Amino acid sequence: MSSDVGQQHPLALYFWIWGLLFVISAGSYLIDFFQVGYDVGTMELRWALILVFMFLKAGYIVAVFMHLKWERLALIYALLLPPGVLLVLVGLMAWESDYTWLTRVVYFGAEVAPVALSPADTLGHH
Amino acid sequence: MAEATAESTGLKSIAEDWSSDITTFKGVPWGKAMMWIFLLSDTFIFSIFLTSYMTVRATTAEAWPNPSEVFSLTLFGTTVPLLLIAIMTFDLITSSGTMALAVNYGYRRDKKKAVIFMLATAFFGAVFVGMQAFEWTKLIQEGVRPWGNDWGAAQFGSCFFMITGFHGLHVSAGVVYLIIISYRVWRGYYDNTNFEIVEITGLYWHFVDLVWVFIFAFFYLW
Amino acid sequence: MAQAEIPYQEAIPLHDPHSWITKYWFSQDHKVIAVQYGITAVAVGLVALVLSWIMRTQIGFPGAVEWITPDIYYQSVTMHGMIMVIYLLTAFLLGSFGNYLVPLMLGARDMVFPFVNMISYHVYLASVLILMAGYLFPGTLGGPTGAGWTLYPPQAILSGTPGADWGILTMLASLAVFIVAFTMGGLNYITTILQARTRGMTMMRMPLSIWGIGMATVLGLLAFPALFVSAIMMTLDNLIGTSFFMPAINSAFDAGEDYQGGSPLLFQHLFWFFGHPEVYIVALPAFGVVSDLISVHARKNIFGYRLMVWAIVAIGGLSFIVWAHHMYVAGMHPYFGFFFATTTLIIAVPTAIKVYNWTLTLWRANIRFTVPMLFAIAFVLTFVVGGLTGLFLGNVIVDVPLSDTYFVVAHFHMVMGVAPILVIFGGIYHWYPKITGRMLNDTIGRIHFWITFIGTYAIYFPMHFLAIPRRYYEYNVGESAILTQSMDILNQSITITAYIVGIAQFLFIYNLIVSYRRGREAGDNPWEANSLEWRTPQTPPVHGNWGESLPTVHRWAYDYSVPGEEKDFIPQDVPRKAQA
Amino acid sequence: MAVAIFLLIIVIVSVLLSFFSPWQFTEIASNWGYIDFTVILTFWICGIVFVVIGLFMVYTTWKFRYRADARADYEPENPKLEWWLTIVTTIGVVAMLAPGLIVWNDFVNPPDDVQEVEVLSKQWGWAFRFPGEDGKFGTVHVDNIDADNSFGMNMADPNGDDDVLVQGNTLHLPVDQAYKVLLRSNDVLHDFWVPEFRAKMDAVPGMITYFWFTPTRIQDQPYEVVCAELCGRGHYTMRGWVKVDTQEDFRSWLGTQPTWADVQAATALDAMSPEAKRGREIWAAEGCNACHSLDGSAVVGPSWLNLWNTTRQLADGTTATVDEAYFVESIREPALKIVEGFSPAMIAYDEETVTEDEIQALVALLKESVDAPADAPVGP
Ligand code: HEA
Ligand code: HEA
Ligand code: CUA
Ligand SMILES: [Cu+2]
């Protein structure tokens, strides 16, 4: 594309992506609407779906709306590489918090529901 | 044109761009480069908010209230989970779409349409903030506080108010920013540029939407 | 887009100052902002210096001065550490050197957004004032916080710690404001380095100072968010009783909040996710600047420039995945030790390369022992000592007996408390002629150097042998036997040396003031250096730096003693001879 | 010239000080000789590097000092040399790191015959707890702490009854017995450090941390414990003592210390009926406590607090009242009626595991598990 007038792309593309984002968001929402995961008691499928829709949506926003797709690689990599260290942080913190939680369970006799508590459960009784 | 010198693609283009003189990001105006770098820094801020949320949620031995129910709305007698949040999500996407159009019209030098769509974006942003205020009010009435709630871990409220609050501040700032820029565009401050200012504003706005994608996934759905 | 090109930059209208206020106070000229940053940083640095005297007095002569209570002691330690690291070193190296050198060394007119740059300084000033406001709150819980510069909760917000009332809040607020200031400045530095270099100035021709400053700024922009967010969360824990970092506790000093379920380790991880990059934020600019000082004054090209650049990049990247080496004995997941010890020792390799290259630059050089060069050499030696003791601490099991003792204190004073400070001094002696047009007095400079170098070495080296806990107001409590008599003597001598070294700094400040009017005229390029800042048409450079057009760069900054050339230096903007 | 001389002096003095300084590590009194070994190894490698670099600088600053007629070499790089230096450095790093990690592996993995002792830290003093006869610690929580229960023992946990509680700042340990030190804090971070034992670790409120060691040396003077993590204005006063005894001396000392049961006997705490108390024992013994709390906090399963006689919303949309029949069914065939919001995680218990008689006791417990004044027994 001729970049001397900046990022210019056919309007139709934007409408397309716009529509797509609606569809993806609807997908995310339906995960909850149908209580995916809560119904069967295992959350893996729910988490996987959440992540898939999240990355799809984020990807489209960044790539098309923020025009990153059309930028030169030098910029793309400069923006995408540094957050890699955050993955290290997130991974280690997940590990760390599990460990802390475990010592709480073992020594403080606490234990926690793998499934979230529903407010309805306690609301009626207080 | 600066980029005329660097037409190669792929990894080679990275090496060439980084080893060229004057500019590293070819064809990227100063303001846009600065906005991107700022957004990178802001990404770290929000990521660390979310990481902290993950950590406290996984560390606490208290049960975590179920957001699906906490944020449900009762409409015509039926309880719909996360309804308001869904509406807010769609509202933000809509604003992202109008913003993208504004950028496009800006580069087409269609000042009038650019301004109209920017103001539309600001409008949807304001609506979002309004809905958020409603949501906060509802939760506060139901007894959720940053330091505790009736349903489980206190961190539920802490994280909720902190993260959505910080995001809401970003949206509010974005609304103000949009209004100022559209005023200036309208008054002709940028007439002898390519209107990349609209794109820069757009970057910020899309970023705010982007953050919401992650908050929605991790806080409301997880 | 044409904006990014030099002709456009040359056409930018500069906001020339019209009054005293816009020239010296609200100036948008990067050189004035640099001096503002520098003066403010030195001023708070002196406060921190006086605080170190208070601490040393208590350690060397316990009880000799009555008003040094435990509260005063811990408040002094905290403020001393925080001021030195953030408000002096970070602010000076990036705010002052960064502002001054980035546009000049790159051949730019100014920073890309001078207005934001100007605001940056004033926000920084505000953060300093907020920090100092901690001293204004009276009462038993008044005064600044005494939580240690690491501010670990729960302790930091409970009233068993001095300053738990307002001190901790002013500290957190000040840090948040500082980060805003830094972000405004930092975005400017990065954008200028990436997008506003002059013709011919490729990245691989940039002086190492710019590499160091640039990489440190990147680290800052990515690491400060962690501190920013933790400051917000701690403020919330403190003010409205959230429990991010606060587990259920039972303390007589708990202000009655019902804390539950938070994670103190989370704070430590976030603090060091910021904190470790932070130590490189203060080290990398020093690395860069010292490379330039050594090369110029040794009249020799820097050895292994490319590897130096890659080492800076590698250190910058790695510094984000070593943070928990500060937490080996913090009770984190035991297996983290393996990961972090390995990454920590890996980072020593690129750092070692830098050390080798500095010393190898001296090999077969023609060393002029100017005052800046003296400081540069002293830097290398102190950094080696501090770096090597860092290797003790980095090796997880070796850290177990050493952690939280004076060995750690000795390590970081060597590597941070004196090495970068020496570079700051060296840099000031080196660029003062450019900033003011006059030389600093050489004799005073040499006296200042020898006292500072020998003195600080005498303070910090023996500290390594003190196997006693740090952050102790007093050692002889009850039947305690951990402090032996010979340690008493050592502590006293350290204290006395610290007084002397501290006083010597006033010599330096005297020199700065007097030479401004009376110093010898410097000329444009007194050190016969190559980089662009010495090629400005005027000395001191005027607003806009360059005349009609910007300089064009033809070579790297290190063409010293090129064989077959008449002079032993060839500035960067001298064209190459037509190759036959 | 002066520079080279001073650098030389500094190198020499540094080396001399390292060998002849009067300040050395205290004499070791634990199994962690390996730690000392890694320290010494690191010392030698780093020391040699220091001397080499120092002397190299002495030489260059002397040899290549400025002369007007001299000229520096022009040598931008020397890849071969740089490769060599990188490799040698890497070797040096590996030589320090590898033994270090091996010892660390020992450090974090206590041996099989290890005994446990808990160190309870609080601003600004220490207390200690041994697991007693059964070798098991009772669970604890700071919320349980009150005037009669300074350790925060969980009343409902029978494992705690024989725990030996040591007040005061002195801990006794038998020589040559490996101990895993469990660290707990009531308030802020502390760090339990005895320099002679080398090992140390922070105590973190809200969790348990640990390290292990074997005391190896008996001496008359107890070893001094110093708190090594800033814990407020009294940090520097937070000392304690560890006395290493022979096995016999240790036993007789331990015998003089009260157990939690002893402490409890002194105070009548519990207003529950005997039957309900028996129910609580069953609750803990059968492992119901892993999933059901008595304090209202939802664990894996619903809390039993205020459960009796309430109407439950079930997942299939129907409701049920918690009476004896429902209770029995919930135990025998839990999958039949799933409470809304919970997963069917509970296994079925048959008559052999939970007898009819025991169910009666559990029912009594349930009936008495209602919100009561603040000093009612607190669950996990
Ligand atoms: C400028 C600041 C700075 C720098 C550059 C460093 C550099 C290093 N630091 Fe330091 N450090 C601090 C500032 C700094 N540190 C501060 C402020 C603290 C304390 C904070 C507090 O608790 O208050 C601290 C604490 C600290 C700890 C925590 C100790 C504890 O609390 O228990 C550790 C542990 O790993 C550590 C390790 C290192 C290492 C491995 C390096 C390495 O980067 C060093 C690399 C350099 C060299 C290695 C020397 C050169 C190399 C050679 C000459 C050849 C190589 C030879 C061989 C490999 C044999 N440091
Ligand atoms: C850059 C960092 C820096 C610097 C320069 C110093 C300088 C000094 N420090 Fe400090 N120190 C820290 C960073 C620094 N320190 C940190 C982070 C801590 C940890 C705090 C904590 O535990 O929470 C600490 C803690 C600390 C302790 C441990 C206290 C304890 O644990 O109980 C001691 C004890 O002796 C000490 C002493 C000194 C002394 C005597 C000096 C000096 O007086 C040495 C001599 C003077 C100089 C080297 C000159 C420096 C010049 C200036 C500062 C003037 C302004 C600058 C210009 C004019 C350019 N410091
Ligand atoms: Cu307890 Cu320091
Ligand atoms: Cu570090």
Side-chain angles (χ1 to χ4, degrees), chain A residues 3-9 11 14 17-18 21-22 25 28-29 31-33 35 38 46-47 50-51 53-54 57-58 61-62 64-67 71-75 77-79 82-83 86 89-90 93-94 96-98 100-101 104-105 108 110-113 116-120 122-123 126, chain B residues 1 3 9-11 13-14 17-18 24-28 36 40 43-44 47 51 54-55 58-70 81-82 86 89-90 93 96-97 99-101 103-104 107-108 150-152 194-196 199 202-203 206-207 209-210 213-214 216-217 220-222:
Chain A
S3 43
D4 49 331
V5 276
Q7 296 282 358
Q8 253 201 29
H9 312 287
L11 275 178
Y14 291 100
I17 300 298
W18 202 351
L21 287 178
F22 268 96
S25 306
S28 299
Y29 177 60
I31 299 176
D32 199 65
F33 190 80
Q35 296 283 300
Y38 289 111
R46 181 187 180 90
W47 293 338
I50 293 174
L51 289 181
F53 285 127
M54 181 187 84
K57 195 172 161 191
I61 293 179
V62 177
V64 181
F65 279 4
M66 297 172 92
H67 298 133
E71 298 292 352
R72 295 184 61 84
L73 282 177
L75 180 61
Y77 279 91
L79 294 171
L86 289 168
L89 179 73
V90 171
M93 287 316 291
E96 177 80 309
S97 38
D98 271 359
T100 310
W101 181 83
R104 289 180 177 183
V105 169
F108 303 150
E111 226 177 293
V112 83
L117 176 76
S118 52
T122 47
L123 269 183
H126 270 275
Chain B
M1 292 298 102
E3 59 270 43
T9 52
L11 290 178
S13 78
I14 299 182
D17 285 5
W18 279 94
T24 301
F25 302 140
K26 296 298 167 198
V28 177
W36 266 120
L40 184 60
T43 303
F44 272 63
S47 303
T51 311
M54 173 194 78
T55 308
T59 317
T60 178
E62 301 277 316
W64 197 258
N66 184 347
S68 167
E69 291 184 31
V70 173
L82 286 190
T89 304
F90 288 119
I93 303 178
S96 254
M99 188 70 234
L101 296 185
V103 175
N104 202 280
Y107 279 133
R108 285 164 204 261
D150 293 343
W151 311 318
N194 286 326
F195 290 110
E196 62 271 346
E199 193 193 354
L203 285 179
H206 294 307
F207 177 77
D209 186 13
L210 183 71
V213 175
F214 288 84
F216 183 61
Y220 293 97
L221 291 180
W222 203 259

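The figures here come from the full heavy-atom set of this structure, side chains too, leaving out hydrogens, waters and symmetry mates. In what follows, chains carry the letters A, B, and so on, assigned in the order in which the sequence lines appear, proteins first and then strands, with residues in each chain numbered from 1. Everything quoted here is computed from the prediction, not taken from an experiment.
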Passing option when A:Tyr29 is tested against B:Leu221, B:Thr89, B:Leu82 for side chain to side chain contact (heavy atoms under 4.5 Å, CB included): B:Leu82

Suppose we screen for side-chain hydrogen bond (donor to acceptor under 3.5 Å, both in side chains). Which residues come up paired with A:Asp32, at least two apart in sequence or across chains? A:Arg46, B:Ser68

Rounded to the nearest 0.5 Å, the CE atom of B:Met54 sits from the CG atom of A:Leu89 at a distance of 7.5 Å

I'd like to know if the side chain of A:Trp18 and the backbone of B:Ile93 have a donor-acceptor N/O pair within less than 3.5 Å. yes

Within a strict 4.5 Å, meaning less than it, do heavy atoms of the A:Leu86 and B:Thr51 side chains meet? no

What part of A:Tyr77 gets closer than 4.5 Å to chain B, counting heavy atoms only: side chain, backbone, both or neither? side chain

If you tally heavy-atom pairs under 4.5 Å against chain A, which of B:Phe214, B:Phe44, B:Tyr220 wins? B:Phe44

Crowding at CZ, B:Phe90 (>12 non-hydrogen neighbours, <6.0 Å): yes

Can you tell which part of B:Trp18 gets under 4.5 Å to a heavy atom of chain A, answering side chain, backbone, both or neither? side chain

Side chains of B:Phe25 and A:Arg72: does their closest heavy-atom pair fall under 4.5 Å? no

Locate the shortest heavy-atom distance separating B:Ile14 from A:Ala74; write the atom from each residue and the value. CG1-N, 4.0 Å

Measure A:Gln35 against the heavy atoms of chain B and call it side chain, backbone, both or neither at under 4.5 Å. side chain

So A:Phe65 and B:His206, would you call those rings parallel, tilted or perpendicular, with 30° and 60° as cut-offs? tilted

Does the side chain of A:Ser25 reach to within under 4.5 Å of the side chain of B:Val213, using non-hydrogen atoms? no

Which atom names give the shortest non-hydrogen contact between B:Leu40 and A:Ala78, and what distance separates them? CD2-O, 4.0 Å

Are A:Leu79 and B:Trp36 close enough that some pair of their side-chain heavy atoms sits under 4.5 Å apart? yes

B:Ser47: which residues meet the side-chain hydrogen bond (donor to acceptor under 3.5 Å, both in side chains) condition with it, sequence neighbours left out? none

Most heavy-atom pairs under 4.5 angstrom with chain B, which of A:Asp98, A:Ile17, A:Ile31, A:Leu51? A:Leu51

Point-to-point distance, once rounded to the nearest 0.5 Å, from CE of B:Met99 to CE of A:Met66: 11.0 Å

Given A:Thr100, which partner from the list B:Thr55, B:Thr60, B:Thr59 fulfils the side chain to side chain contact (heavy atoms under 4.5 Å, CB included) test? B:Thr59

Indicate yes or no: at least one non-hydrogen side-chain atom of B:Leu11 is less than 4.5 angstrom from one of A:Leu73. no

Of all heavy-atom pairs between A:Arg104 and B:Ala61, which one has the smallest distance, and what is that distance? NH1-N, 4.4 Å

